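Let me begin by presenting the structure, written as structure tokens, before commenting on it.
These figures come from a predicted structure and were not determined experimentally. Sequence positions, counted from 1, serve as the residue numbers for this chain.
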Amino acid sequence: MPDQLKIETDVDVCMGTGVCALTAPAVFTQREDDGTVIVRVATPGAELHEVTQAAAYNCPSGAIRLNVSETP
């Protein structure tokens with residue numbers, strides 16, 4: 001398990017499917033007007049790592065990127 005996740009999103013490629021918000025509602029939501037991703041928590045705690053990684057993995061457009069850092 002990584003020590004820290006930092007979330008980056010690209011709203012230009014986001015398709016607004018809502019997979020992220022359904023998978024990890026504590027971390028992601030969607031804009032009301034076009035459904036594109038909004039990050040609620042840019043560096044989620046360890047308790048949210050698994051759902052955050054699942055949301056990024058299942059994003060159909062690849063709009064979510066995770067930067068992972070681990071303590072040596």
Side-chain angles (χ1 to χ4, degrees):
M1 175 97 28
D3 292 327
Q4 184 175 20
L5 290 179
K6 183 175 180 183
I7 301 169
E8 294 181 10
T9 59
D10 186 344
V11 295
D12 292 333
V13 300
C14 178
M15 298 168 41
T17 63
V19 171
C20 57
L22 293 171
T23 304
V27 181
F28 301 99
T29 188
Q30 296 175 269
R31 288 178 33 172
E32 286 189 30
D33 59 340
D34 62 3
T36 55
V37 63
I38 297 173
V39 177
R40 291 179 189 263
V41 182
T43 54
E47 72 281 4
L48 297 172
H49 284 186
E50 187 173 323
V51 293
T52 302
Q53 290 171 323
Y57 178 79
N58 291 309
C59 176
S61 64
I64 300 171
R65 290 181 303 280
L66 301 178
N67 292 317
V68 180
S69 63
E70 296 185 30
T71 304

* Val13 backbone acceptor or donor facing Ser61 side chain under 3.5 Å -> yes
* side-chain contact (heavy atoms from CB on, under 4.5 Å) with Ala21: which residues, sequence neighbours excluded? -> Gln30
* side chain to side chain contact (heavy atoms under 4.5 Å, CB included) between Phe28 and Val39: does it pass, once the steps are laid out? -> CA-CA 5 Å; Phe28 301 99; Val39 177; 4.1 Å; yes
* Structure fact -> Here the salt bridge (Lys or Arg N to Asp or Glu O under 4.0 Å) pairs for residues 17-33, sequence neighbours left out, are Arg31-Asp33, Arg31-Asp34
* Identify the two heavy atoms, one from Ile7 and one from Val27, that lie closest to each other, and give their separation to 0.1 Å. => CD1-CG1, 3.3 Å
* To do: Sequence neighbours left out, what passes side-chain contact (heavy atoms from CB on, under 4.5 Å) with Ala56? Give chain and number order.
  => Ile64, Leu66
* To do: Please name all residues satisfying side-chain contact (heavy atoms from CB on, under 4.5 Å) with Ala54, sequence neighbours left out, ordered by chain then number.
  => Thr23, Asn58
* To do: Not counting sequence neighbours, list each pair that qualifies as a salt bridge (Lys or Arg N to Asp or Glu O under 4.0 Å) and has a residue in residues 55-68.
  => Glu8-Arg65
* Mind checking what makes side-chain contact (heavy atoms from CB on, under 4.5 Å) contact with Val41, not counting sequence neighbours? -> Pro44
* Looking only at non-hydrogen atoms, find the nearest pair between Cys20 and Ala55 and report the distance. => CA-CB, 3.9 Å
